[in-house]
Structures are given as structure tokens and as C-alpha cells.
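Accompanying notes for the structure given below.
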Amino acid sequence: MIGKGGELLYEVKWEGYEKKSDRTWEPEENLTENASEALNEYLKSIGGREALLNETHTAVQGKKRGRKDSSTPQASTTSKRSKRNGSHPADSEPPASAKQAVWKPPAGSWEDHIAHLDACEDEETHKLMVYLTWKNGHKTQHETSVIYSRCPQKMLQFYERHVRIIKREETPVDSPPANS
């Protein structure tokens, strides 16, 4: 997809998040550090970045990207996905990047390891979820109870930046008239 600023965005299905609503649109620079192999494989499978830009440009002009007109007969009953990838992903060997050890947050305090903290409400549980960007580039998601114990100062700073306390003027309570 082409973003509002004209940049190319890729729909990302995050590992461990199966719902379609968990997918996000990311600029290429967000994918180069940890997903460069997957991005390069994808671009290779569709004929490169130029092919993607041409396809997107065609879609903007009114034709749905990658779909033939309904009047055009299909050459084969094989789906486009199976033509492109060869077989189902479960039948293939995972990429080398997936075989690497899974990164885990450090033990103890996280205060000095966090670059950025964001929070939002989980739509299903209605709990406040905290999204951490670590100084090493990794991103993780945690419930507030974990954040309160591992990096309370970062959470406090987040609240100070985002929560505004509004003082209301107290209305005088009607008191009985004074006796003279």
C-alpha cells in the first residue's frame, strides 16, 4: 500500500498474533532490522520493488491489484498464492532467522534498557497493555503489572506525559443564613 506521504507500506502479520486485526501496515525501514530476509523473499517472489510499485499504481487507477477482470478466463484453478510460494508454509522449512534463539527481556530492572514505552487498551480484555521498544531494537508487549514491577519510573514518566489532571472549581455549598 502507498501511505499518505507516498511511502511504500507492507502489511505485517506478527508472529504469535493470529487475528487479522493484529496485523499492521509498516514502512520498509521498520522491517529492515529484524525482518529483512522475509521482506527480501517477498519482494523476490513478486518480481521486486518496482513490480510492487507498478501493481499498486495500477490499483490506484481503479483496477484491483493482482486480480483479473471477471470477464477474463482464468488460465488455471491454482491460486495466485500457491503459484507464488510453491506450497503451503507449514510444508516448508522455516527461514534461518526463525531458527535463531528467541530474545527475552533481561532479568531485574528494565529501566536502563527501554528506549520507548507506549500503552493502549486491549480490545478483548479491556486491560491496559504496554508496548516496549528496547534499546537493542526489540519490541515486546506486557500487562501493566509487569511494567509496574520492572520499570515503574518509565511508566510514571508515561503517565506524566499523557495524563492531565483538571481541577474543578468548587461551588459553594448553600449555608443557612447567619442569625443577627
Side-chain angles (χ1 to χ4, degrees), residues 1-68 70 74 77-105 110 113-147 151 154-155 158 162:
M1 170 171 78
I2 302 294
K4 291 180 182 177
E7 76 272 34
L8 193 56
L9 300 173
Y10 297 89
E11 185 177 22
V12 176
K13 179 197 172 290
W14 297 97
E15 187 173 359
Y17 295 91
E18 302 305 319
K19 294 187 302 183
K20 190 168 185 171
S21 63
D22 291 331
R23 295 179 184 181
T24 60
W25 288 94
E26 299 291 336
E28 188 168 349
E29 68 230 21
N30 289 1
L31 305 174
T32 54
E33 183 177 351
N34 294 320
S36 60
E37 282 186 55
L39 178 61
N40 290 335
E41 287 177 18
Y42 171 71
L43 291 172
K44 183 179 176 185
S45 72
I46 62 165
R49 189 173 285 102
E50 289 300 319
L52 182 60
L53 289 169
N54 289 338
E55 192 174 274
T56 304
H57 179 70
T58 303
V60 169
Q61 293 177 345
K63 182 180 176 186
K64 292 188 177 183
R65 183 177 49 167
R67 295 186 185 171
K68 306 236 185 251
S70 58
Q74 295 292 328
T77 58
T78 309
S79 72
K80 186 173 187 174
R81 180 179 303 254
S82 63
K83 284 181 191 175
R84 191 182 294 161
N85 296 330
S87 63
H88 191 276
D91 300 333
S92 63
E93 187 71 23
S97 61
K99 295 178 186 178
Q100 296 172 354
V102 176
W103 180 83
K104 293 182 182 177
W110 294 349
H113 302 281
I114 297 171
H116 185 73
L117 182 145
D118 270 317
C120 70
E121 181 181 14
D122 183 279
E123 291 178 359
E124 291 179 10
T125 65
H126 301 290
K127 290 183 178 182
L128 183 65
M129 296 304 295
V130 180
Y131 297 87
L132 300 179
T133 303
W134 298 81
K135 289 182 179 176
N136 63 9
H138 286 91
K139 295 181 181 189
T140 57
Q141 170 185 339
H142 306 276
E143 290 189 10
T144 53
S145 59
V146 174
I147 301 303
C151 50
K154 292 285 186 184
M155 194 67 202
F158 174 82
H162 293 88

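Across T24 and E26, no two heavy atoms sit closer than the pair OG1-OE2, 2.9 Å. The two atoms that bring T125 and D122 nearest to each other are N-OD1, 2.9 Å, heavy atoms only. Counting all heavy atoms, side chain and backbone alike, L128 lies closest to A119 at CD1-CB, 3.8 Å. Of all heavy-atom pairs spanning K135 and I114, the tightest one is CE-O, 3.7 Å. Closest approach of H142 to W110, counting heavy atoms only: CE1-CH2, 3.6 Å.
In this structure, the side chains of V12 and N30 stay at 4.5 Å or more apart for every pair of heavy atoms. In this structure the side chain of L132 reaches within 4.5 angstrom of the side chain of I147, judged on heavy atoms. With contacts defined as side-chain heavy-atom distances shorter than 4.5 Å, the pair K20/K13 does not qualify. Between L117 and M155, the closest side-chain pair of non-hydrogen atoms falls below 4.5 Å.
Rounding to the nearest 0.5 angstrom, the gap separating the NZ atom in K44 from the CD atom in E37 is 12.0 Å. With values rounded to the nearest 0.5 angstrom, E123 atom CD is found 8.5 Å from D22 atom CG. For the atom pair NZ of K127 and SG of C120, the computed distance is 14.0 Å after rounding to the nearest 0.5 Å. To the nearest 0.5 angstrom, E15 atom CD is 9.0 Å from E18 atom CD.
With sequence neighbours excluded, the residues that form a side-chain contact (heavy atoms from CB on, under 4.5 Å) with Q141 are Y17, M129, Y131. Judged as a side-chain contact (heavy atoms from CB on, under 4.5 Å), and not counting sequence neighbours, K4 has no contacts.
Taking the six-membered ring where the residue is Trp, W134 and W103 present perpendicular rings, their angle passing 60° and hence far from 30°.
A side-chain contact (heavy atoms from CB on, under 4.5 Å) with V130 is found for exactly one of T144, V146, T140, namely T144.
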